[in-house]
Amino acid sequence: MSPPAADRVRRLVESLEGVLGKRWVFHRDEERLAYSYDASLARARPDVVCLPGSTAEVAAAVRAAVREGLPFVARGAGTGIAGGSVPVAGGLVIGLARLNRILEIDLADRYAVVEPGVVNLTLDQALGQQGYCYRPDPSSQKVCTLGGNVANNSGGPHCLAYGVTANHILGVEVVLPDGSVTELGARHVDPLGYDLTGVFVGSEGTMGIATKVVCRIARSAEGVRTMLASYARMEDAAASVSAIIAAGIVPAALEMMDGPIIRAVEEFIGAGYPVDAAAVLLIEVEGLSEGLDGAVRSIESLCKARGARQVRVAGSEAERQRLWAGRKGALGAVARLKPRYYLHDGVVPRTRLLSVLQAIADAAARHRLTIVNVFHAGDGNLHPLILFDPADADETHRVHVAGEEIMRACVASGGTLSGEHGIGLEKNDMMDWVYSPEDLEAMQRVRSAFDPEGLANPQKVFPARRGCAELRADGHGGRPAGEMWI
Amino acid sequence: MSASGLAPVDLAQAARMAQEASVAGQALAPRGGNTRGWLGRPSRPDAVEISTQRLSGVLHYEPDDLTVTVQAGTGFRDLQRQLGAHGQWLPVNPPAAAGATIGGLLAANACGSLRGRFGAWRDLVLGMSVALSDGRVVKSGGRVVKNVTGYDVHKLHVGALGTLGLIGQASLKILPLPQERRIVLASFASTADAVRVACDIAGSRLEPAAVEILRGRADDPFGLRSGSMRAGAPGEWALAAAVEAGACLAVRFAGAEPCCARGVRDVRALVAASGGAHFAELLAADCDAAWAALDDLPVGAGAVLRIAATPGTAARLVSEEVAGTGGRMVADVVSGVVHLLWDEGVGPEDVVGRVERLRSGFGEAASCVLLKAPPQVRERVDVWGPRPVSYPLMLAVKRALDPGNVWNPGRFVGEI
Ligand SMILES: Cc1cc2nc3c(=O)[nH]c(=O)nc-3n(C[C@@H](O)[C@H](O)[C@H](O)COP(=O)(O)OP(=O)(O)OC[C@H]3O[C@@H](n4cnc5c(N)ncnc54)[C@H](O)[C@@H]3O)c2cc1C
Ligand SMILES: Cc1cc2nc3c(=O)[nH]c(=O)nc-3n(C[C@H](O)[C@H](O)[C@H](O)COP(=O)(O)OP(=O)(O)OC[C@H]3O[C@@H](n4cnc5c(N)ncnc54)[C@H](O)[C@@H]3O)c2cc1C
């Protein structure tokens, strides 16, 4: 670190300690290390970390960083898979863990106001006691925060029927990069003026820090049925997904797992999936009790007509929970197969599922890799997991090549780079596969309206200008810029 | 407004026209079906219209994907017809849809009462291509149903009333047509009773497609009897009768037959328990006629104030008959959107007073927008109301996307 930079950092630490107290400001090596990663493979250490306890403290922290010309990065639970909260340009990480109160739940007005550090499931459980729910349910919902969900516009298995985070956020209080506090949206629909909430959601921390979130809440469904359809051929499972959607049935969830996932899940979790199947579909329908049997029957016959060997309907809540435990624990189970996996997040039109799954299988064969699939099939949101051993440099290289080929196949089919995990650091250099320079420039201009100096989570989302970027390889996980994330 | 408008053949040409306008200091006003050119503040007198009439048609439609990409000048009804041929629909019911274009509806964020169940435009738009005033055509989003690739800039154009650019094409989420539709009509002596039942239904697990309260005029229930609308199918007569009898509750269901039947049964029971008069339960063709009539209630010649509030606030507004809310009214209690319709008999003075009282009463708890008002009213009260706290950011967004201030200058919130 050059001396002037060191001075800036020292001044930043001093001013933060003045506002937050020494207790909530961290700058020792091991402390910085703890905030150098998320659930992606990216690593980079911040210069300073702070944990503010109020909106005013977040604003003061932002002001302190920008005064020194240092970037700041918001951090929720660090479960992001695109490197969003990894401070590639150094600067200040602002952790929101202490802002974890549910401030208001108004059932009659059907909204809740929460601080950004509230964990997704905590809100849902608070509502559940009263017969209500918060719909978006990322698989990471036990740990991920609503602030992170807002920043990434997160999805989840039940977003098929109910929409993603953006559809459930009415407003946000935001600390802007100049340290001022503003409110976007409202507690009601159609606030006056441009839909700033709509563009803030999904902006991955590059427009400012959400310090309060107004969430729409819903009545939980009256009844639910969960079923598992198993197949001898992956193609038949994919065809069933298309057939269900085409038949006009919109299940609450429609998830697919392939053979290797099924076997990993059975070995480590034991969800009751048939281990000899090439694929299973986990399908859930929700709503009024009167409609459930009909929906189950239609789905069952559609699946059977497309070659399902068996369709099993969960007979009890315990059996249902067990089926879901397999899906929710799939990533954990896979982690035991190989030291690491690289998780992609492509989206394709639902009629293209089959051909893109084939392209994934071809890429695996071509590059001698194991690629397994567990994904939100009903939305066309693929999650191929490429397994590898980072100690094997050649294999690691092939993982990259195969990953790129898969993303190309998604884009070529009319799909896109990410359905829910975000662009972050991981895919920013692929953005020009789907957007022209003009498209990206227009987005940059919108960003500049919020963040003229570009200090809010820099080098994310947009293609990194390599060379001029002050990309710092960190001592610990340090890797050259191009391989930041593996 | 200039008589000789522009009519680009494609979006690239539209962008070039906009760039020329920018250089010349000219203002442009996008024009769709021009069914509601009066929305918002007036256009600058020298603004030249730029029509989407030649930007029309479906560009990409794969029914099994449940998405469609259309050009902005496509008629809303035309699109619904094309989707209907494949058993699908775009689940929005904007008022005055005849002649309206997809671009105009998006720009106006004109949704309708089905939004509580199926989502508003912001929830249904997957991507957009837009002509900007620097001569560029830019897109955001795509045509897949889940997408976090880059910013959702398209959401900024929804409801922007054409002040950021010309919407050229949009990709939309669509749905299969519901197997069954039903409407239950009930009538109550007091609006408060109607609201109570409406809130019970809206807060239930019945998943209604829409729950509305209509308060008409005894002599002319939304023109349903005067023959000004349609031929007067039995469904419309039933609706007219329910409105004449008091505060009318209209509950719509759309979905699988057993679910609709259950909904109707439960609503009837709730109405009976609350002392309301159950009026009619509409099926088949009668339901279709009443459904269309509810979607398209004529507003008449007076002023229309649109209030968006939380559902609870909207319910209180309707049931307490807050001063100035008397007269005809249509309230969507699921989303909290209330339309107050003031007849010509209400003088401009009175309209201004009512709007100001309502706005100051609500503060930030609601937005009150005058959709329609005579010039004498518009001169004295801002149709949009006070600037929101995030107004400086809105201005920054306008400057970022339309630096030449070409698009519909002055028409939007805070004279943007
Ligand atoms: C009872 C009633 C209630 C209504 N309620 C609402 C309501 O709640 N909210 C509401 O907003 N509207 C409401 N409207 C009006 C709305 O439904 C209009 O009918 C709709 O905007 C018409 O579309 P159009 O194609 O005729 O657009 P136009 O009337 O031609 O244009 C409408 C606006 O959009 C702009 N525009 C048109 N096309 C484009 C484009 N391609 N790109 C960018 N800008 C464009 C125009 O410049 C203009 O500002 C209501 C109308 C009635 C009668
Ligand atoms: C096992 C596993 C399963 C997952 N399943 C899903 C899934 O089903 N669906 C899905 O969509 N994602 C899933 N994810 C990804 C991840 O959980 C989500 O992206 C989540 O929303 C991140 O929340 P977080 O609190 O961990 O945020 P972080 O990882 O800390 O941050 C994510 C991004 O948000 C920004 N940010 C955080 N808080 C704020 C704030 N208050 N204001 C502004 N910006 C902020 C950060 O700067 C960063 O760019 C999964 C991850 C794991 C590890």
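All chains are named by letter (A, B, ...) in the order of the sequence lines, taking the proteins before the strands, and each is independently numbered beginning at 1.
For the atom pair CG of B/D134 and CD of A/E441, the computed distance is 7.5 Å after rounding to the nearest 0.5 Å. Note that the SG atom of B/C368 and the CG atom of A/L192 stand 8.5 Å from one another [nearest 0.5 Å]. The distance from atom CG of A/D190 to atom CZ of B/R115, rounded to the nearest 0.5 Å, is 4.0 Å. The distance from atom CG of A/D195 to atom CH2 of B/W121, rounded to the nearest 0.5 Å, is 15.0 Å. Distance check, rounded to the nearest 0.5 Å: CG of A/L196 to CG of B/L156 gives 6.5 Å. Expressed to the nearest 0.5 Å, how far OG1 of B/T310 lies from CZ of A/R110 amounts to 9.0 Å.
Across all their heavy atoms, A/P349 and B/R143 have their closest contact at CG-NH1, 3.8 Å. Shortest non-hydrogen contact noted between B/Y151 and A/V199 is CB-CG2, 4.2 Å.
Neither the backbone nor the side chain of B/V130 comes within less than 4.5 Å of any heavy atom of chain A. Proximity to chain B is absent for every atom of A/V174, based on heavy atoms less than 4.5 angstrom apart. Interface residue A/V434: backbone and side-chain heavy atoms are both found under 4.5 Å from chain B. Heavy atoms closer than 4.5 Å to chain B are found nowhere in A/S448, neither backbone nor side chain. For A/N152, the part sitting under 4.5 Å from any heavy atom of chain B is the backbone (N, CA, C, O) and nothing else. Interface remark: B/A256 contributes no atoms to any contact with chain A (heavy atom separation under 4.5 Å). Residue B/S129 does not touch chain A at all, counting heavy-atom pairs closer than 4.5 Å. When heavy atoms are compared at a cutoff of 4.5 Å, B/L206 approaches chain A by way of both its backbone and its side chain. Heavy atoms closer than 4.5 Å to chain A are found in both the backbone and the side chain of B/A202. The part of A/Y132 that comes within reach of chain B is its side chain, from C-beta onward, which places non-hydrogen atoms under 4.5 angstrom from that chain. Residue B/V125 does not touch chain A at all, counting heavy-atom pairs closer than 4.5 Å. If you measure heavy-atom distances from A/L176 to chain B, the contacts under 4.5 Å come from the side chain alone. Contact of B/R399 with chain A is not made at all, since no heavy-atom distance falls under 4.5 Å. Using a 4.5 Å cut-off between heavy atoms, A/M431 touches chain B through its side chain atoms alone. Of the atoms belonging to A/H421, it is backbone heavy atoms, and not side-chain ones, that fall under 4.5 Å from chain B.
Put simply, of B/P311, B/G312, B/P176, the one with the most heavy-atom pairs under 4.5 Å next to chain A is B/P311. Between chain B and the residues A/P191, A/A186, A/A442, A/P452, the largest count of heavy-atom pairs under 4.5 Å involves A/A442. Interface remark: of the candidates A/S418, A/G291, A/A449, A/S418 forms the most heavy-atom pairs closer than 4.5 Å to chain B. Chain B forms the most heavy-atom pairs under 4.5 Å with one residue out of A/N167, A/V461, A/T182, and that residue is A/N167. Interface check for chain B: of the options A/E204, A/R187, A/R447, the most heavy-atom pairs under 4.5 Å are formed by A/R447.
Contact check for B/V145 versus A/R350: side-chain heavy atoms found under the 4.5 Å cut-off. Two residues are said to be in side-chain contact when any heavy atoms from C-beta on lie closer than 4.5 Å; A/N153 and B/D152 meet this criterion. Between B/V138 and A/R445 the shortest side-chain heavy-atom distance does not fall below 4.5 Å. Two residues are said to be in side-chain contact when any heavy atoms from C-beta on lie closer than 4.5 Å; B/V144 and A/V348 fail this criterion.
Between the side chain of B/K146 and the backbone N or O of A/L160 there is no donor-acceptor pair closer than 3.5 Å.
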Practice item. Under the side-chain contact (heavy atoms from CB on, under 4.5 Å) rule, what do A/I423 and B/V148 come out as? Steps first, then yes or no, please. Key: CA-CA 7 Å; A/I423 297 302; B/V148 295; 6.0 Å; no
Exercise for review: Using the side-chain contact (heavy atoms from CB on, under 4.5 Å) rule, take A/L184 and B/L393 through it: C-alpha gap first, then chi angles, then the decisive distance, then the call.
Suggested key: CA-CA 9 Å; A/L184 316 180; B/L393 268 181; 3.8 Å; yes
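Side chains of A/Y194 and B/T163: a donor on one and an acceptor on the other come within 3.5 Å. For B/R205 and A/S220, the side-chain atoms include at least one donor-acceptor pair closer than 3.5 Å.
Around CD of A/E104, the count of heavy atoms belonging to other residues, nucleotides or ligands within 6.0 Å exceeds 12.
Taking 4.0 Å as the cut-off between side-chain N and carboxylate O, A/E290 and B/R262 count as a salt-bridged pair.
The one candidate from B/D64, B/D65, B/L66 that meets the side chain to side chain contact (heavy atoms under 4.5 Å, CB included) condition with A/I245 is B/L66.
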